[in-house]
Amino acid sequence: MTGKNYVDGFNVFNVGRMCLDMNSMIPATPLGVIELIKRAGIETFGKNAVVVGRSKNVSMPIAMLMHADGRNETNAMDATVTICHRFTPPKELAKYCSMADIIITATGVPGLITKEMVKPGACVIDVGITRITDPNTGKTKLVGDVDYDEVRQVAGYITPVPGGVGPMTVAMLMHNTFTAAKNLAAASTKS
């Protein structure tokens, strides 16, 4: 890789290279999502994926990596991608999600994705995280965008919140840091 090593992947250099399907530091959360999909052996080639969210640092890179050509430098996923968000009309969101083989949600809207919206056997990856107060106990807890207890009854794969994508984000930040260190060491031996 040429240029500077930005381990967070949130800058124009990295995002531009990623969008052009070139080797780049990928932001840690999107890279963690892609790694989860690959390690679980989930088929993506020609599959329908819905990314629910439109943030520039999580949802956009995930959508780009899900739809890009797997033959190029990013080793992307070759899926057919639909992008929705928290303001997509509920009926439309349900329609798109119910056709998806893979749903990746990152909106911060607790319970946005329900059991009725998920195709049996689909992969559901919940990136959303919100702190809510449990009405029964008065204590706060972390929840995702997916109604986990209900959706897990129909999903083939599902990530919990907390404990799913969060640890992968940390692992991928460490991966990027290690890669950057290797690149810098290699560059220093050439000069």
Side-chain angles (χ1 to χ4, degrees), residues 1-86 88 96 100-108 122-129 144-145 157 159 161-191:
M1 184 173 99
T2 61
K4 297 179 182 177
N5 292 295
Y6 299 99
V7 298
D8 63 5
F10 295 141
N11 59 69
V12 295
F13 177 80
N14 294 121
V15 173
R17 289 184 62 86
M18 183 195 66
C19 288
L20 293 172
D21 209 9
M22 298 168 69
N23 189 16
S24 175
M25 288 288 178
I26 307 293
T29 299
L31 187 58
V33 168
I34 298 305
E35 190 67 21
L36 282 168
I37 291 170
K38 287 179 179 178
R39 296 253 178 149
I42 296 165
E43 181 61 45
T44 59
F45 186 86
K47 298 296 183 181
N48 289 319
V50 171
V51 175
V52 187
R54 56 185 173 183
S55 70
K56 303 305 180 247
N57 57 355
V58 175
S59 301
M60 186 276 296
I62 289 171
M64 291 295 297
L65 292 167
M66 289 299 295
H67 99 315
D69 188 340
R71 294 177 297 173
N72 294 321
E73 292 180 12
T74 59
N75 296 310
M77 310 300 274
D78 284 306
T80 300
V81 177
T82 302
I83 301 173
C84 298
H85 51 81
R86 68 173 63 209
T88 299
Y96 291 122
D101 302 298
I102 302 164
I103 299 170
I104 303 165
T105 181
T107 65
C123 170
V124 180
I125 299 178
D126 194 347
V127 184
I129 189 161
D145 295 351
Y157 297 87
T159 60
V161 173
V165 175
M168 286 302 296
T169 297
V170 173
M172 294 301 103
L173 183 58
M174 300 286 48
H175 166 81
N176 282 354
T177 302
F178 181 73
T179 300
K182 282 189 350 186
N183 292 344
L184 287 172
S188 70
T189 61
K190 291 180 183 177
S191 44

Check whether any side-chain heavy atom of [X] sits under 4.5 Å from a side-chain heavy atom of [Y], and report yes or no.
X    : Y   : value
I102 : N48 : no
D21  : D69 : yes
C84  : V50 : yes
I37  : M66 : yes
M60  : R54 : no
D145 : V52 : no

Looking at [X] and [Y], what are the two nearest heavy atoms and their distance?
X    : Y    : answer
L173 : V7   : CD1-O, 3.8 Å
V58  : A106 : CG1-CB, 4.0 Å
A100 : A122 : O-CB, 3.7 Å
Y157 : A40  : OH-O, 3.7 Å

Report task. Look at the side chain of N176 and the backbone N and O of P27, then say whether any donor-acceptor pair between them is shorter than 3.5 Å. Result -> no

Query raised in the report: Does a donor on one side chain sit under 3.5 Å from an acceptor on the other, for D126 and T105?
Result: no

List the atom pairs, donor and acceptor, that lie under 3.5 Å between side-chain atoms in residues 162-170 and the rest of the protein, sequence neighbours left out.
residue	atom	partner	partner atom	Å
T169	OG1	T29	OG1	3.0
T169	OG1	V165	O	3.1

Query raised in the report: side-chain contact (heavy atoms from CB on, under 4.5 Å) between T82 and V51: does it pass, once the steps are laid out?
Result: CA-CA 6 Å; T82 302; V51 175; over 6 Å; no

Quick check for you: to the nearest 0.5 Å, what is the distance between [X] atom [atom1] and [Y] atom [atom2]?
X    : Y   : atom1 : atom2 : result
T107 : H85 : OG1   : NE2   : 11.0 Å
S55  : I62 : OG    : CD1   : 7.5 Å
D101 : T44 : CG    : OG1   : 10.0 Å
I125 : I34 : CD1   : CD1   : 7.5 Å
M172 : L31 : CE    : CG    : 5.5 Å
S24  : N11 : OG    : CG    : 7.5 Å

**Report entry** Selection residues 35-49 - residue pairs positive for salt bridge (Lys or Arg N to Asp or Glu O under 4.0 Å), sequence neighbours left out
**Finding:** E35-R39

Report task. Any chance you could lay out the side-chain contact (heavy atoms from CB on, under 4.5 Å) test for H67 and T80, step after step, and finish with the verdict? Result -> CA-CA 6 Å; H67 99 315; T80 300; over 6 Å; no

Requested in this report: Dump the intermediate steps for side-chain contact (heavy atoms from CB on, under 4.5 Å) on T159 and V124, then the final yes or no.
Outcome: CA-CA 7 Å; T159 60; V124 180; over 6 Å; no

